[in-house]
Novice: 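Please see the structure below; I have some questions.
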Amino acid sequence: MPTNPSKDHIPNPSQQDAALQQTNNKQIQSAMSNNPDHNNIYAQQAADYDRMIHYEDDELEWKYSVQQVLATKPYDRIVELGAGTGRFTRVVLTEMSNKEWPNGSYIALDASTAMLDQLKSNIECDAFLGKITAPTAAKLHIQEAVHHKLPLANHSVDLIVAGWTVCYGVCELNDREQQVEAIARIMNELTRVLCPGGRIAIWETLGTGVAAPAVPASLQVYIQALEEQYGFHRTELSTSFRFPSMEEAKYITNWFFGSTACDLLTPDIDGSVVLPSYTGLWVWDNNIARH
C-alpha cells in the first residue's frame, strides 16, 4: 500500500532551532492529547502520516477490496477524492500498470498541498522502482480541490474512489441538519460528474482500537444517509495495524488515534504489535441505486 517510510521516530525538537522546537512541541502536545489535531497533521506532517499508514491493512483486506472494485469492469476515467499521500493512487496505478488502459486517466484531488506533494514523491519513487510503469504514471493528474466543488465537467468520470475522507467534510459539523446538508452537497457533486453506468466507492472507518467493527457515533448520520437515502451497499473489512515494536505502536497510536486506542494494542509472538482496526466499503452504482 504505501511507501517504506523512515524507521526513525517522529522528529524530536531541535536544540539548535528555536522555531522548529516550538513547532515540534505543539506536535507532541497534540500527540499526547486524546483528540489529535488531524487538520494539522494533514497540513504539516504528511510524511509522518504516510509512515503511519505503512503499518495498516495487515491482512490485505483493504487492498483486495480496491482490486475487486477495479475488476468489476473497465474504468477509463478514475477520480480520487482526498487522495492524501497516495494510498489509493499507488495501488490503483500499480494495478493499471498490468492492464490495457490506453484511454485511461487518474485525477488525484486533495485540499492539502503538503499531502499532494508527498503523493507526487511517492508515485515518482514507485515509477523509479518499476512498480508503476512510466506510461501509467504519466496518466496521473494532481490538483487541489474540496469534495463539494470538483474541478470536473458533468458526466466526465467513470469511477470515483474516496478513502477515509468524505467523513471530514460532513462529520466535523456538529449540527445534524448541517451534516445532512453537507452530505447532499457532496453527493450532488459526485453524481454531477459521474457518467451513466459509473460507480462510487467510499471507504470509511468502522473503528480503530476497538474490539469489533461499528459505525462511530460521529459518523452515524452520514453512514445512515449513504445506506438508506442514497442506496450504498456496505462491506466490512479487517484493516488492523501491525507495528514493529510496542514503543512505535504506542507513539503512533497516541499521535493519530489518541490515548484510548492504546488500550487495544496486542503484542504478537514475533515482537510486533497489533492494533485492531476496521473499515467499511460503501459502493453505489448509478444504474441500479435508488434515487
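Owing to the predicted nature of the structure, the values given are computational and were not obtained by experimental measurement. All residue numbers refer to positions in the sequence shown, counting from 1.
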Novice: What closest approach, in Å, do Lys139 and Pro102 show between heavy atoms, and which atom pair accounts for it?
Specialist: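 Minimum heavy-atom contact is NZ-O, 3.3 Å.
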
Novice: Can any side-chain N or O of Thr165 pair as donor or acceptor with the backbone N or O of Ala162 at less than 3.5 Å?
Specialist: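 No, Thr165 side chain to Ala162 backbone: no donor-acceptor pair under 3.5 Å.
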
Novice: Using the rule that two of Ile, Leu, Val, Met, Phe, Trp, Tyr join whenever any of their side-chain heavy atoms come within less than 4.5 Å, decide whether Met246 and Phe243 are in one cluster.
Specialist: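 Yes, one cluster joins them.
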
Novice: Is Leu226 reachable from Val193 through a run of I, L, V, M, F, W or Y residues, each pair having side-chain heavy atoms under 4.5 Å apart?
Specialist: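 Yes; tracing contacts between hydrophobic side chains, which count when under 4.5 Å, links both residues.
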
Novice: Tell me if a side-chain donor or acceptor on Thr72 pairs with a main-chain N or O of Gln68 at a distance below 3.5 Å.
Specialist: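 Judged by distance alone, yes, a pair lies under 3.5 Å.
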
Novice: Only one of Asp263, Leu265, Thr208 clears side-chain contact (heavy atoms from CB on, under 4.5 Å) with Thr253; which?
Specialist: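 Of the listed options, the one satisfying the test is Leu265.
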
Novice: Checking side-chain contact (heavy atoms from CB on, under 4.5 Å) for the pair Trp284/Leu194: CA distance, chi angles, key distance, verdict?
Specialist: CA-CA 11 Å; Trp284 187 92; Leu194 195 67; 3.6 Å; yes

Novice: If only atom types and distance count, is the side chain of Asn286 paired as donor or acceptor with the main-chain N or O of Gly197 below 3.5 Å?
Specialist: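 It does hold such a pair.
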
Novice: When you check the side-chain N and O atoms of Ser156 and Arg77, is any donor under 3.5 Å from an acceptor?
Specialist: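 Note: Ser156 and Arg77 side chains miss the donor-acceptor criterion.
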
Novice: Could you tell me which non-hydrogen atom of Ile132 sits nearest to which non-hydrogen atom of Ala137, and how far apart they are?
Specialist: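 Closest heavy-atom pair between Ile132 and Ala137: CG2-N, 3.8 Å.
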
Novice: Please, which pairs that meet side-chain hydrogen bond (donor to acceptor under 3.5 Å, both in side chains) have at least one residue in residues 211-223, sequence neighbours excluded?
Specialist: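 Counting only pairs at least two positions apart or across chains, the side-chain hydrogen bond (donor to acceptor under 3.5 Å, both in side chains) contacts touching residues 211-223 are Glu204-Tyr222.
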
Novice: Return the set of residues passing ring pair (Phe, Tyr, Trp, His ring centres under 6.0 Å) with Tyr106 (not counting sequence neighbours), or none when no residue passes.
Specialist: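 Residues passing ring pair (Phe, Tyr, Trp, His ring centres under 6.0 Å) with Tyr106: none at all.
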
Novice: Do Arg234 and Val215 make a side-chain contact, defined as non-hydrogen atoms from C-beta onward lying under 4.5 Å apart?
Specialist: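 Yes, at least one pair of side-chain atoms sits under 4.5 Å.
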
Novice: Between the side chain of Ser272 and the main-chain N/O of Asp268, is any donor-acceptor distance below 3.5 Å?
Specialist: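 Between the backbone of Asp268 and the side chain of Ser272 there is no qualifying donor-acceptor contact (under 3.5 Å).
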
Novice: Distance alone, cut at 3.5 Å: any donor-acceptor contact between the side chains of Gln118 and Asn122?
Specialist: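 A donor-acceptor contact under 3.5 Å links the two side chains.
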
Novice: Parallel, tilted or perpendicular: which one describes the rings of Phe257 and Phe241, with boundaries at 30° and 60°?
Specialist: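 Perpendicular, since the angle between the ring planes exceeds 60°.
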
Novice: With a 4.5 Å cut-off on side-chain heavy atoms, are Val221 and Val180 touching?
Specialist: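 Answer yes - side chains close enough.
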
Novice: Got a donor-acceptor contact below 3.5 angstrom from the Glu80 side chain to the Val161 backbone?
Specialist: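 Absent.
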
Novice: Do Glu56 and Arg242 meet the salt-bridge criterion of a basic N to acidic O distance under 4.0 Å?
Specialist: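 The answer is no: the pair does not qualify as a salt bridge.
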
Novice: Over all heavy atoms of both residues, which pair between Ala153 and Arg192 is shortest? Give the atoms and the distance, please.
Specialist: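 What the structure gives for the nearest pair is C-NH1, 3.7 Å.
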
Novice: Determine yes or no for a side-chain-to-main-chain donor-acceptor pair under 3.5 angstrom, with Trp101 supplying the side chain and Asp76 the backbone.
Specialist: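 Yes, because the side chain of Trp101 sits within donor-acceptor range (under 3.5 Å) of the backbone of Asp76.
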
Novice: I'd like to know if the side chain of Ser97 reaches the main chain of Thr133, judged simply by a donor and an acceptor atom lying under 3.5 Å from each other, with no hydrogens or angles considered.
Specialist: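 Yes, the answer is positive, given that a donor and an acceptor are paired below the 3.5 Å cut-off.
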
Novice: Taking side chain as C-beta onward, heavy atoms only, is Val273 less than 4.5 Å from Leu275?
Specialist: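 Sidechains of Leu275 and Val273: no contact.
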
Novice: What are the two closest non-hydrogen atoms of Ala108 and Leu119, and how far apart are they?
Specialist: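 Minimum heavy-atom separation between Ala108 and Leu119: CB-CD1, 4.0 Å.
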
Novice: Have Ser112 and Asp110 got a donor and an acceptor in their side chains that come within less than 3.5 Å?
Specialist: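 Judged by distance alone, the side chains do not pair up.
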
Novice: Does a donor on one side chain and an acceptor on the other come within less than 3.5 Å for Glu248 and Tyr55?
Specialist: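 Judged by distance alone, the side chains do pair up.
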
Novice: Report yes or no: do Leu93 and Val69 belong to one cluster of Ile/Leu/Val/Met/Phe/Trp/Tyr joined by side chain heavy-atom distances under 4.5 Å?
Specialist: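 Result: yes, single cluster for both.
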
Novice: Kindly say whether Lys63 contributes a backbone atom to a donor-acceptor pair with the side chain of Asp57 at under 3.5 angstrom?
Specialist: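 Side chain of Asp57 to backbone of Lys63, a donor-acceptor pair under 3.5 Å: yes, one is there.
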
Novice: Would you say Tyr230 and Trp282 are hydrophobically clustered, going by side-chain heavy atoms of ILVMFWY under 4.5 Å?
Specialist: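 Tyr230 clusters together with Trp282.
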
Novice: Does the Glu227 side chain pair with the main chain of Phe232, one donor and one acceptor, at a distance under 3.5 Å?
Specialist: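 Side chain of Glu227 to backbone of Phe232: no pair is present.
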
Novice: Quick check: closest heavy atoms across Val210 and Leu264, and the distance to 0.1 Å?
Specialist: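 Taking Val210 first and Leu264 second, the nearest heavy atoms are N-CG, 4.1 Å.
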
Novice: Picking from Leu70, Leu140, Val157, what satisfies side-chain contact (heavy atoms from CB on, under 4.5 Å) with Ile78?
Specialist: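 Only match with Ile78 under side-chain contact (heavy atoms from CB on, under 4.5 Å): Leu70.
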
Novice: Mark yes or no for whether Asn188, through its side chain, and Ala184, through its backbone, hold a donor-acceptor pair below 3.5 Å.
Specialist: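 Side chain of Asn188 to backbone of Ala184, a donor-acceptor pair under 3.5 Å: yes, one is there.
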
Novice: For His233, look at atom NE2 and say whether over 12 heavy atoms of other residues, nucleotides or ligands are found less than 6.0 Å away.
Specialist: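 Not buried by this count: 12 neighbours or fewer within 6.0 Å.
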
Novice: Are Ser277 and Asp58 packed together at the side-chain level, in the sense that at least one heavy-atom pair is separated by less than 4.5 angstrom?
Specialist: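 Heavy-atom side-chain distance check fails, nothing below 4.5 Å.
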
Novice: Is there a donor in the side chain of Glu144 and an acceptor in the side chain of Thr113, or the other way round, less than 3.5 Å apart?
Specialist: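 Checked: Glu144/Thr113 side chains pair up, N/O donor to acceptor below 3.5 Å.
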
Novice: Kindly give the heavy-atom pair with the smallest separation between Leu237 and Glu61, and that separation in Å.
Specialist: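 That closest heavy-atom pairing would be CA-OE1, 3.4 Å.
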
Novice: Look at the aromatic rings of Trp164 and Phe88 and report parallel, tilted or perpendicular, splitting at 30° and 60°.
Specialist: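 Answer is tilted, since the angle falls between 30° and 60°.
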
Novice: Can a donor-acceptor pair be found between the side chains of Trp203 and Thr239 at a distance below 3.5 Å?
Specialist: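 No - no donor-acceptor pair under 3.5 Å links their side chains.
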
Novice: Membership question, hydrophobic clusters at under 4.5 Å side-chain separation (ILVMFWY): are Val170 and Val146 in the same one?
Specialist: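 No.
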
Novice: Would you check if Leu159 and Ile200 make a side-chain contact, meaning some heavy-atom pair closer than 4.5 Å?
Specialist: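 Side chain of Leu159 against side chain of Ile200, heavy atoms only: no contact under 4.5 Å found.
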
